[in-house]
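For reference, the structure is listed below as structure tokens.
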Protein chains: 2
Amino acid sequence: MDGLITDEADGSVPPATLTEAIYGRIRKDILLGLFKPGDKLKLDALRQRYVASVNTLRETLSRLVSEGLVANEGQRGFTVVPASLADLQDITEMRTLLECHAANLSLQRADLDWESRVVAAYHKLSKIEEVVEGDPKRYSPLLERYNREFHQALISACGSRWLLTFHGFMYDQSLRYRMLAFQVRDFPRDQSRREHRQILDAALARDADTLVSVLSAHINKGAKLYEQEGLIRDAGPKRRPRAAGKSRSRKK
Amino acid sequence: MDGLITDEADGSVPPATLTEAIYGRIRKDILLGLFKPGDKLKLDALRQRYVASVNTLRETLSRLVSEGLVANEGQRGFTVVPASLADLQDITEMRTLLECHAANLSLQRADLDWESRVVAAYHKLSKIEEVVEGDPKRYSPLLERYNREFHQALISACGSRWLLTFHGFMYDQSLRYRMLAFQVRDFPRDQSRREHRQILDAALARDADTLVSVLSAHINKGAKLYEQEGLIRDAGPKRRPRAAGKSRSRKK
DNA sequence: CAAATCACAAATATAGGAAATTATGTCATT
DNA sequence: AATGACATAATTTCCTATATTTGTGATTTG
């Protein structure tokens with residue numbers, strides 16, 4: 001994004017502080033399903049896993065709370081946000097709304113830079129998909145990465161910083177459900193190669209209507225695959241309601 | 001939202017921890033324009049103002065970073081996110097998109113509870129507007145509050161938790177610009193009584209098309225008022241780019 | 001002589017450890 | 001079986017140490 005030369009080959013900024021580094025690691029571990037929905041994130045345990053102090057951990061977890069990946073609730077620590085069918089559907093609808101809207105805007109503002117970003121991202125994605133099709137059971141981090149980059153490239157010319165931010169949130173949330181689905185069984189890899197091709201063609205043809213319909217179908221078809229029974233327990237472990245009004249005493 | 005009986009008359013949950021309380025206070029102080037865009041948030045100064053330790057402050061600021069109200073950048077502390085015309089326009093467009101979409105959904109799912117929430121919220125807002133019209137220069141926190149509650153009630157039946165969350169973000173961001181405008185001069189109070197009435201009527205009549213057009217106009221008209229020259233300096237104090245790749249040493 | 005460079009001191013941010021507060025689980029008692 | 005007291009575990013908070021940035025003035029260089 002920023003045309004600067006950095007250490008990182010992929011253009012991402014290397015974390016300048018320990019907090020940032022650990023933030024990235026925990027975030028990744030939640031999205032990848034290493035911590036499951038409802039899991040308690042005990043500070044002492046985390047302190048061992050990632051070698052860091054309590055404050056550093058609290059700081060990163062606080063950020064994840066604002067992003068909707070971690071819950072905090074009162075005086076009883078941090079937990080991974082629970083997963084539910086209703087939540088998945090909400091996320092899917094929201095991602096559809098944002099991504100289609102952003103894709104539309106991108107088409108309107110499309111220039112050569114955008115077009116080449118899309119083509120390049122598609123090329124990478126396509127090559128990996130070809131490889132993975134031979135071994136559909138294997139989880140491929142590279143496929144996930146290029147898939148994301150393709151979808152991001154598509155909307156990268158929308159011109160709205162906030163739209164990109166919100167879409168990023170929703171993409172990550174849906175990624176979490178995708179990864180949760182992977183964990184349960186060898187996941188029937190969705191054959192999305194053709195769909196990606198259709199998306200690319202519609203984008204290059206500047207055909208907004210087709211693009212929106214294909215993109216929308218693509219997103220929702222993907223989400224449907226994660227809605228398998230057993231994947232999601234709608235209610236987490238029930239907690240007793242907190243005593244209201246009490247426990248409000250602190251010295252000084 | 002949660003029908004529980006709490007200490008607070010307005011239904012909001014009382015902060016259970018110091019961090020939560022201070023989070024709310026700093027958030028409010030930024031939105032009200034007490035801290036201006038680009039301001040440095042020095043930890044030691046904050047430690048005095050809100051009586052709390054450094055870690056508590058860092059935790060709250062970290063959350064505000066994820067919400068887009070505070071910036072963090074590397075090893076040089078926290079600053080209030082800068083304000084710009086482009087940002088205001090982006091926020092306005094985004095809020096329009098989300099609020100109109102949510103209002104539409106609300107109409108579809110409208111029930112008696114929703115209708116009475118809207119009517120009640122309008123009633124409060126209307127009464128306050130009547131009072132404030134007599135003294136247009138005065139800043140009225142109650143007006144701000146009831147305005148928010150009216151807009152929230154309108155979309156409260158949309159059924160999407162994420163839509164409400166994102167809309168809340170955008171509403172707060174636009175509120176910040178509104179407050180910044182107030183600071184510069186006695187702000188010509190926008191005569192939005194009629195518009196609110198029109199919104200209410202369209203909502204009760206279940207007239208989606210009219211509702212969307214009136215609501216959209218209302219939001220954009222408001223934002224136009226904040227776009228006054230001098231309110232916003234588009235570029236903050238320029239910083240030199242950080243030395244890439246260097247300064248990556250930490251003992252142990 | 002001006003501008004840039006460097007070294008040093010002060011200010012500030014980040015991270016670690018420990019104390020204080022609150023929640024949780026266990027076991028005896030009613 | 002329910003209640004209460006106690007011990008233990010976990011969370012929240014503060015204080016202190018280290019590392020980094022920033023400001024100041026002297027020195028060198030063009």
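Chain letters run A, B, ... following the sequence lines, proteins first, then strands; residues in each count from 1. These figures come from a predicted structure and were not determined experimentally.
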In whole Å, what is the span from the [atom1] atom of [X] to the [atom2] atom of [N]?
X: Gln75(A); N: dT22(C); atom1: CD; atom2: C1'; value: 6 Å
X: Lys42(B); N: dT14(C); atom1: NZ; atom2: C1'; value: 17 Å
X: Glu73(B); N: dA13(C); atom1: CD; atom2: C1'; value: 14 Å
X: Lys40(B); N: dT12(C); atom1: NZ; atom2: P; value: 8 Å
X: Leu18(B); N: dT11(D); atom1: CG; atom2: P; value: 18 Å

query: In chain order, what residues pass the side chain to side chain donor-acceptor pair (under 3.5 Å) check against Glu20(A), with sequence neighbours excluded?
result: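 Checked Glu20(A) against side chain to side chain donor-acceptor pair (under 3.5 Å); zero matches.
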field: With sequence neighbours excluded, residues passing side chain to side chain donor-acceptor pair (under 3.5 Å) with Gln173(A)
entry: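 Side chain to side chain donor-acceptor pair (under 3.5 Å) check on Gln173(A) returns nothing, list empty.
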- request: Just report the end-to-end axis angle for the helix from dC1(C)-dG30(D) to dT30(C)-dA1(D), five pairs per end, to 10 degrees.
  value: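 That helix gives 30° between its end axes.
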message: Restricting to salt bridge (charged side-chain N to carboxylate O under 4.0 Å, His left out), what partner residues turn up for Asp113(B), sequence neighbours left out?
response: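 Listed in chain order: nothing, the list is empty.
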field: Interface residues of residues 43-65 of chain B with DNA chain C (non-hydrogen, below 4.0 angstrom)
entry: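 Contacts with DNA chain C under 4.0 Å: Leu43(B), Val54(B), Asn55(B), Arg58(B).
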field: Sequence neighbours excluded - salt bridge (charged side-chain N to carboxylate O under 4.0 Å, His left out) pairs with any residue from residues 84-94 of chain B
entry: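 Listed by first then second residue: Arg161(A)-Asp87(B).
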Got a sec, which residues hit ring pair (Phe, Tyr, Trp, His ring centres under 6.0 Å) with [X], two or more places apart in sequence or on another chain?
X: His167(A); result: none
X: Phe78(B); result: none
X: Phe166(A); result: Trp162(A), Phe166(B)

message: Looking at Tyr23(B), I'd like to know if the NZ or CZ of Arg63(B) sits under 6.0 Å from its six-membered ring centre while staying within 45 degrees of the ring's axis.
response: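 Judged by the rule, Arg63(B) and Tyr23(B) form a cation-pi pair.
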- prompt: dT12(D), dG16(C), dT21(D): which one has an atom nearest the side-chain heavy atoms of Arg76(B)?
  reply: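 Out of dT12(D), dG16(C), dT21(D), the nucleotide with an atom closest to Arg76(B)'s side chain is dT21(D).
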